[in-house]
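The next block holds one structure in the form of structure tokens; read it before the comments.
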There are 2 protein chains.
Amino acid sequence: MTTASATPPAPERLLAAAGELFYESGIAATGVDAVLARAGVSPATMYAHFAGKDALVAAYLERRHETWRRTWDDVLAERDDPVDRLLSLFDAVARYRSRAGNRRGCAFLAAGTELPADHPGQRWLEADTRLLVDRLRDLAADAGLADPEDAAATLLLLYDGAMNRFARAATTPSLPVGDPLGRARDLAAEWVGTHGRTG
Amino acid sequence: MTTASATPPAPERLLAAAGELFYESGIAATGVDAVLARAGVSPATMYAHFAGKDALVAAYLERRHETWRRTWDDVLAERDDPVDRLLSLFDAVARYRSRAGNRRGCAFLAAGTELPADHPGQRWLEADTRLLVDRLRDLAADAGLADPEDAAATLLLLYDGAMNRFARAATTPSLPVGDPLGRARDLAAEWVGTHGRTG
DNA sequence: GTCTATACGCGGATAGAC
DNA sequence: GTCTATCCGCGTATAGAC
């Protein structure tokens with residue numbers, strides 16, 4: 001039997017530290033040293049588990065992708081109505097963000113501005129966009145919308161808009177943030193009501 | 001009389017080079033060396049005109065802010081109808097992006113993920129958000145909308161959504177980009193029509 | 001104002017012991 | 001698996017001449 005309060009193994013501590021620092025301070029601005037210090041791990045140990053910083057970054061993005069997908073899965077499992085399922089995107093983001101360490105905007109969009117085109121983490125940025133577009137298209141089709149592709153594009157736009165509003169909040173704290181997710185959801189619901197079955 | 005094809009002075013060449021590299025490759029990922037090489041300027045000359053990389057970054061953001069504001073001003077000067085003026089945001093972005101070197105997403109949102117909170121360039125990120133929110137609020141009021149603040153928040157969300165769609169295009173080239181600005185403009189026009197004078 | 005040459009620190013990565 | 005100690009390069013910045 002394992003003790004609940006035991007210190008997690010080094011790779012886990014590294015990913016936890018990387019998750020906080022990369023997200024809060026940016027990937028390029030965060031040195032490997034800072035991750036090691038927060039994780040309480042020595043350089044050699046890290047390089048025994050990860051090929052280098054790039055691999056650590058990719059693992060960080062993979063973990064975020066999995067967590068996010070699982071969160072959306074969970075919310076979807078609670079919804080029956082087809083339109084509710086389509087709009088569940090916004091509820092899932094709200095739940096995802098309710099966890100600690102998600103106050104800033106979208107980690108994938110942020111990474112997209114930081115990583116070069118050939119970075120191993122790019123794979124997860126593409127996976128993020130693909131998950132959103134493909135799933136929204138399918139859910140829109142299930143809801144009987146005339147043009148699922150078009151619906152997916154519209155909801156993605158609203159989703160991205162809400163994400164960016166959170167990013168702006170970090171640089172312009174004087175401006176009240178309001179409720180971008182609620183706003184985006186309302187706009188989406190309205191759009192679905194108007195354009196739903198007409199095309 | 002000055003010759004038209006004369007080489008611009010060093011500070012101008014530096015800003016031009018910085019503008020391309022910072023925008024295309026990211027601020028943190030772009031070394032001063034790369035800017036110097038592209039500008040054809042020696043390190044000492046650069047440091048004679050800019051206190052350091054941070055100052056160069058701030059100047060880069062200031063220039064982008066001024067160019068963008070001027071572009072929007074120009075478009076506004078061509079519009080009379082109050083609703084056209086409110087929606088001119090999307091036309092202005094389209095014009096701004098039509099110039100070379102603006103294929104990626106919003107430089108200010110990108111910078112927000114890269115710069116630390118105390119960076120001198122933060123001033124221009126805040127200025128960007130302020131310009132958008134304040135101007136949209138005023139234009140919404142001019143258009144007689146019941147809740148200008150609310151209208152500004154909605155249009156900002158749509159604007160940010162379109163910007164992010166361009167950012168995603170860089171990481172997921174397989175997905176057709178479509179016309180995010182046109183989509184955002186249509187959604188905005190529809191919203192204004194529906195929520196216009198009712199609140 | 002602009003150059004060449006150089007100093008200096010930091011961040012990424014490795015060697016070798018335990 | 002994990003540590004301490006160290007290497008190395010690159011990116012920022014400066015010195016000093018023209």
Side-chain angles (χ1 to χ4, degrees), chain A residues 2-3 5-61 110-111 113-116 118-122, chain B residues 2-3 5-61 110-111 113-116 118-122:
Chain A
T2 50
T3 306
S5 61
T7 305
E12 174 56 37
R13 299 208 307 278
L14 284 166
L15 281 173
E20 297 168 18
L21 292 172
F22 287 157
Y23 184 71
E24 293 296 333
S25 312
I27 293 170
T30 300
V32 172
D33 286 9
V35 177
L36 295 172
R38 177 175 290 223
V41 170
S42 71
T45 300
M46 191 206 101
Y47 285 99
H49 293 277
F50 300 93
K53 181 180 179 178
D54 285 354
L56 186 62
V57 169
Y60 150 72
L61 292 169
T113 74
E114 296 209 72
L115 304 188
D118 61 347
H119 192 283
Q122 288 284 355
Chain B
T2 50
T3 308
S5 61
T7 305
E12 175 56 36
R13 299 208 308 279
L14 284 166
L15 281 173
E20 296 167 20
L21 292 171
F22 287 156
Y23 184 71
E24 293 297 332
S25 312
I27 294 171
T30 300
V32 172
D33 286 9
V35 177
L36 294 172
R38 179 174 289 224
V41 170
S42 71
T45 300
M46 191 206 100
Y47 285 99
H49 292 279
F50 299 94
K53 182 181 178 177
D54 285 354
L56 186 62
V57 169
Y60 149 72
L61 292 170
T113 74
E114 296 209 75
L115 304 188
D118 61 346
H119 192 285
Q122 287 284 354

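So you know, we letter chains A, B, ... as the sequences are listed, proteins then strands, and number each from 1.
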**Item:** Stepwise side chain to side chain contact (heavy atoms under 4.5 Å, CB included) check, B:Leu15 with B:Phe50
**Value:** CA-CA 10 Å; B:Leu15 281 173; B:Phe50 299 94; 4.1 Å; yes

**Prompt:** Taking the nucleotide of DNA chain C with the closest heavy atom to each, which residue, A:Thr30 or B:Pro11, is nearer the 5' end?
**Reply:**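 Result: B:Pro11.
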
How close do [X] and [Y] get, counting heavy atoms only, and between which atoms?
X: A:Leu115; Y: A:Gln122; result: O-NE2, 3.3 Å
X: A:Leu36; Y: A:Met46; result: CD2-CB, 3.6 Å
X: A:Ala28; Y: B:Ala28; result: CB-CB, 3.5 Å

[N] [atom2] sits how many Å from [X] [atom1], rounded?
X: B:Lys53; N: C:dC10; atom1: NZ; atom2: C1'; result: 14 Å
X: A:Phe50; N: C:dA13; atom1: CZ; atom2: P; result: 13 Å
X: B:Tyr47; N: C:dA7; atom1: OH; atom2: C1'; result: 13 Å

**Prompt:** Among residues 32-40 of chain B, which residues get a heavy atom nearer than 4.0 Å to DNA chain D?
**Reply:**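 Of all residues in residues 32-40 of chain B, the ones placing a heavy atom under 4.0 Å from DNA chain D are B:Val32, B:Asp33.
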
**Request:** Working to the nearest 0.5 Å, report the span between OG1 of A:Thr30 and CD of A:Glu114.
**Result:**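 If we round to the nearest 0.5 Å, A:Thr30:OG1 and A:Glu114:CD are 8.0 Å apart.
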
**Request:** Among residues two or more places apart or on two chains, list those pairs meeting salt bridge (charged side-chain N to carboxylate O under 4.0 Å, His left out) that have a residue in residues 38-51 of chain A.
**Result:**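 Of all non-adjacent pairs touching residues 38-51 of chain A, those that pass salt bridge (charged side-chain N to carboxylate O under 4.0 Å, His left out) are A:Glu20-A:Arg38.
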
**Request:** Give me the first and last nucleotide of DNA chain D, going 5' to 3', that has any atom under 4.0 Å from a heavy atom of chain B.
**Result:**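 On DNA chain D, the outermost contacted nucleotides are D:dT12 to D:dA15.
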
**Message:** Please evaluate residues B:Leu56 and B:Val32 with respect to the criterion side chain to side chain contact (heavy atoms under 4.5 Å, CB included), reporting the C-alpha separation (whole Å), side-chain torsions for both, the decisive distance (0.1 Å), and the verdict.
**Reply:** CA-CA 9 Å; B:Leu56 186 62; B:Val32 172; 5.8 Å; no

**Message:** Please determine whether side chain to side chain contact (heavy atoms under 4.5 Å, CB included) holds for the pair A:Phe22 and A:Val35, giving the CA-CA distance in whole Å, both sets of side-chain angles, and the decisive distance to 0.1 Å.
**Reply:** CA-CA 9 Å; A:Phe22 287 157; A:Val35 177; 4.3 Å; yes

